[in-house]
Amino acid sequence: MALGLWSLLKLFLLCEVAASVSFFHHRYDDLVRALYNVQNQCPYITRIYSIGRSVQGRHLYVIEFSDNPGIHELLEPEFKYVGNMHGNEVLGRELLIQLAEFLCEEYRNNNERITRLIQTTRIHILPSMNPDGYEVAADQGPEFNGYLIGRNNINNMDLNRNFPDLNTVMYFNEKYGGPNHHLPLPDNWMAQVEPETLAMIQWLKNYNFVLSANLHGGAVVANYPYDKTKEIRVRGFYRSAYSSTPDDALFKELAKTYSYAHGWMHTGYNCQDFFNEGITNGASWYSLYKGMQDFNYLHTNCFEITLELSCDKFPREEELEREWHGNREALITYIDKVHQGIKGMITDENGNGIADAVISVSGISHDVTSGVGGDYFRLLLPDTYEVTASAEGYYSKTLSATVGPADATLVNFQLKQQKATIESRNLNHNLNHKDKNNIRKVVPRAANKRKSS
């Protein structure tokens, strides 16, 4: 009897292992089961949450990996992967499911590299931003899927053309002056976006993401901002032209990181196209209006690139294993880039964190801000920089920082409160104290009056 139970247990364990390494297309229910299976296998380092719902009500599920899931630890950067934004571009969806299974399995196997990554990084994986579109594409399958079937959401909206246009504002500011980061959204922006886009924007507001990649298909290349050309529109069209961000050199390096860690992207020759070193500036390839990667850069602290990962938008199941092995190292290596540059705490003289402090790097016209607890992260290439931290009501402070090729350099700022601010707060405190004393004097008299009556 005991031997029979042991045989059944071994068979069950073998099935579990087989499930974790099998390669097939996951419909929505399959995707949900796969994520919860990972959480069951690694309950102490994972958390599953939903950032919202699609038009048809499907959850946009995220699986998080961290040594303290659900908690932002100060000085620990937040990273995200987003897949399946276009419903018929399915490889990213499958790769991210495999990545979740791989991270869990390797952590359980005490893989030092994966363990260190999970202990020092909060990793968020959204396998499908467009689950409704995927179901439309999956109904057709890989053999009969057209170039556009299932691409858009169920309202027939291309989600990568659905974000508020902040590029136009940025290009104006570059010419005439204005903010270079965290550009405000238009007043009516919520009425202009789809539910999936709204969920994504709210997600970006809720988490202080540092680095990200958006996984697509239809080519093999790492695409970096800007996506929208700075050229003037002619006859209703924007001409393709290289349009660089202030962090152009950094974005090139991020794109190359993925390309050269990928099995064949860096060769440049893929899908009857050629991209030198397997990378391209988005606007140089073709101009894209209202895209997600530019929105990340212009509205948040997050640096995002777009990864085109397969010639076929909906590859056959027998191709999935090869694609996983071609992308696995690149997916891990790219996450590790979140630790490049500088990071630190912005505090006042009492050691309290200062939120929304602005961190500026001399020579780079793009600032980042500190998070709720006062921590900040600024991706930078190896070099020496002059870095300034400033916050409303405080004197700004500038420090020199040298960035190496490995982990981020720790650069903390303690800001001194401006004298006028201190005097104003002391005055307010005295006025409040005086008001409280007056209240104390009035209340007893009122009470005595009531008592005597």
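Fair warning: this is a prediction, and the values are worked out from it, not measured in the lab.
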Please collect all disulfide (SG to SG under 2.5 Å) contacts where either partner lies in residues 71-110, sequence neighbours excluded, each pair once. C42-C104
Distance check, rounded to the nearest 0.5 Å: I125 atom CD1 versus I123 atom CD1? 6.5 Å
Indicate whether the side chain of E194 and that of N155 have a donor and an acceptor atom separated by less than 3.5 Å. yes
Polar side-chain atom of D165 near backbone of N167 as donor-acceptor pair, under 3.5 Å: yes
Over all atoms of both residues, closest heavy-atom pair of S370 and I346: CB-CG1, 4.1 Å
Within a reach of under 6.0 Å around CG of D187, are more than 12 heavy atoms found that belong to other residues, nucleotides or ligands? no
Test: disulfide (SG to SG under 2.5 Å). Region: residues 65-96. Which pairs qualify, not counting sequence neighbours? none
Do any pairs count as a salt bridge (Lys or Arg N to Asp or Glu O under 4.0 Å) and have a residue in residues 298-309, sequence neighbours left out, and if so which ones? K80-E304
Return the minimal non-hydrogen interatomic distance between S212 and Y334, and the atom names on each side. O-OH, 2.8 Å
Measure the spacing between OG1 of T369 and NE2 of H181 and express it to the nearest 0.5 Å. 7.0 Å
Do you know the tightest heavy-atom contact between I364 and Y385? CD1-CE2, 4.3 Å
Determine which pairs satisfy salt bridge (Lys or Arg N to Asp or Glu O under 4.0 Å) with at least one residue from residues 256-267, sequence neighbours left out, and list them in order. K256-E277
Using side-chain heavy atoms (C-beta onward) and a distance below 4.5 Å, is V62 in contact with I48? no
Do NZ/NE/NH1/NH2 and the carboxylate oxygens of D336 and R116 come within less than 4.0 Å? yes
Between Y297 and F251, ring centroids under 6.0 Å: yes
After noting the C-alpha distance and the side-chain angles of E76 and R122, does the key distance pass the salt bridge (Lys or Arg N to Asp or Glu O under 4.0 Å) rule? CA-CA 7 Å; E76 183 170 287; R122 194 178 181 196; over 6 Å; no
Nearest non-hydrogen partners of G278 and V221, listed with the distance: O-CG2, 3.4 Å
Does the salt bridge (Lys or Arg N to Asp or Glu O under 4.0 Å) test come out yes or no for R151 and D158, once each step is laid out? CA-CA 7 Å; R151 173 187 175 90; D158 186 332; 3.1 Å; yes
Nearest 0.5 Å, what's the CH2-OG1 distance between W285 and T229? 15.5 Å
Establish, for the pair R47 and Y49, whether the NZ or CZ atom is under 6.0 angstrom from the six-membered ring centre and no further than 45 degrees off its axis. yes
May I ask you to decide whether E319 forms a salt bridge with R322, counting only side-chain N to carboxylate O separations under 4.0 Å? no
side-chain hydrogen bond (donor to acceptor under 3.5 Å, both in side chains) for Q202 and K205? Distances and angles first, verdict last. CA-CA 5 Å; Q202 296 293 356; K205 289 178 177 292; over 6 Å; no
Can you list every disulfide (SG to SG under 2.5 Å) pair that touches residues 308-338, not counting sequence neighbours? C271-C311
Is it true that R113 and E329 have a side-chain N and a carboxylate O under 4.0 angstrom from each other? yes
For residues N88 and H86, is any side-chain donor paired with an opposing acceptor at under 3.5 Å? no
Less than 4.5 Å apart, any side-chain heavy atom of P131 and any of N84? no
Examine W189 together with F163 and report whether their ring centres are nearer than 6.0 Å. no
Any heavy-atom pair between the side chains of I332 and L99 that's under 4.5 Å? yes
Go through the steps to decide whether R58 and D132 satisfy the test salt bridge (Lys or Arg N to Asp or Glu O under 4.0 Å), and finish with yes or no. CA-CA 7 Å; R58 295 182 175 91; D132 297 351; 2.7 Å; yes
Paired with H124, the ring-ring contact (aromatic ring centres under 6.0 Å, His included) test is passed by just one of Y81, F65, F209, Y61, namely F209
Classify the side-chain pair T121/H339 by whether it contains a donor and acceptor separated by less than 3.5 Å. yes
Before giving the answer on side-chain hydrogen bond (donor to acceptor under 3.5 Å, both in side chains), spell out for N188 and Q192 the whole-Å C-alpha distance, their side-chain angles and the decisive distance to 0.1 Å. CA-CA 7 Å; N188 61 341; Q192 299 176 10; 3.0 Å; yes
So, for P382 and G404, which heavy atoms are closest and what is the spacing to 0.1 Å? CG-O, 3.7 Å
Does a salt bridge link E349 with K416, judged by any charged N lying under 4.0 Å from a carboxylate O? no
Atom CG in L126, atom CG in L35: separation rounded to 0.5 Å? 9.5 Å
Between the OG1 atom in T402 and the CG atom in D383, the distance rounded to the nearest 0.5 Å is 8.0 Å
Would you check if the distance from the ring center of H299 to the ring center of H182 is below 6.0 Å? no
As an exercise, state the distance from OG1 of T197 to CZ of R161, rounded to the nearest 0.5 Å. 12.0 Å
Using modelled atom types and a 3.5 Å cut-off, is there a donor and acceptor pairing between side-chain atoms of D248 and backbone atoms of S244? no
Answer yes or no: is there a side-chain heavy-atom contact under 4.5 Å between V210 and L379? yes
Taking the side chain as everything from C-beta on, heavy atoms only, tell me whether I201 gets closer than 4.5 Å to F295. yes
Does the gap between the ring centers of Y207 and H72 come in under 6.0 Å? no
I want to know whether H59 and Y28 have ring centres closer than 6.0 Å. no
Applying side-chain hydrogen bond (donor to acceptor under 3.5 Å, both in side chains), run through N130 and E196 and close with a yes or a no. CA-CA 7 Å; N130 185 5; E196 297 89 347; over 6 Å; no
Is the distance between the ring centroids of F314 and H25 less than 6.0 Å? yes
For D30 and R33, what are the C-alpha separation, side-chain angles and deciding distance, and is it a salt bridge (Lys or Arg N to Asp or Glu O under 4.0 Å)? CA-CA 5 Å; D30 299 323; R33 277 192 294 268; 2.7 Å; yes
Between K228 and D294, is there a salt bridge with N-O shorter than 4.0 Å? no
Looking only at heavy atoms, the pair that brings K252 and I279 closest together is O-CD1, 4.1 Å
Looking at the rings of Y171 and Y226, which for Trp means the six-membered one, are their centres under 6.0 Å apart? yes
Heavy-atom count around Q272 CD within 6.0 Å, excluding the residue itself: above 12? no
Centroid separation H262 to Y260 less than 6.0 Å: no
The complete set of disulfide (SG to SG under 2.5 Å) pairs with one or both residues in residues 329-396, sequence neighbours excluded, reads none
Can you check whether Y269 and W264 have ring centres sitting under 6.0 Å from each other? no
Set out, in order, the CA-CA distance, both residues' side-chain angles and the distance that settles side-chain hydrogen bond (donor to acceptor under 3.5 Å, both in side chains) for N68 and E73, then state yes or no. CA-CA 8 Å; N68 286 291; E73 300 176 75; 3.2 Å; yes
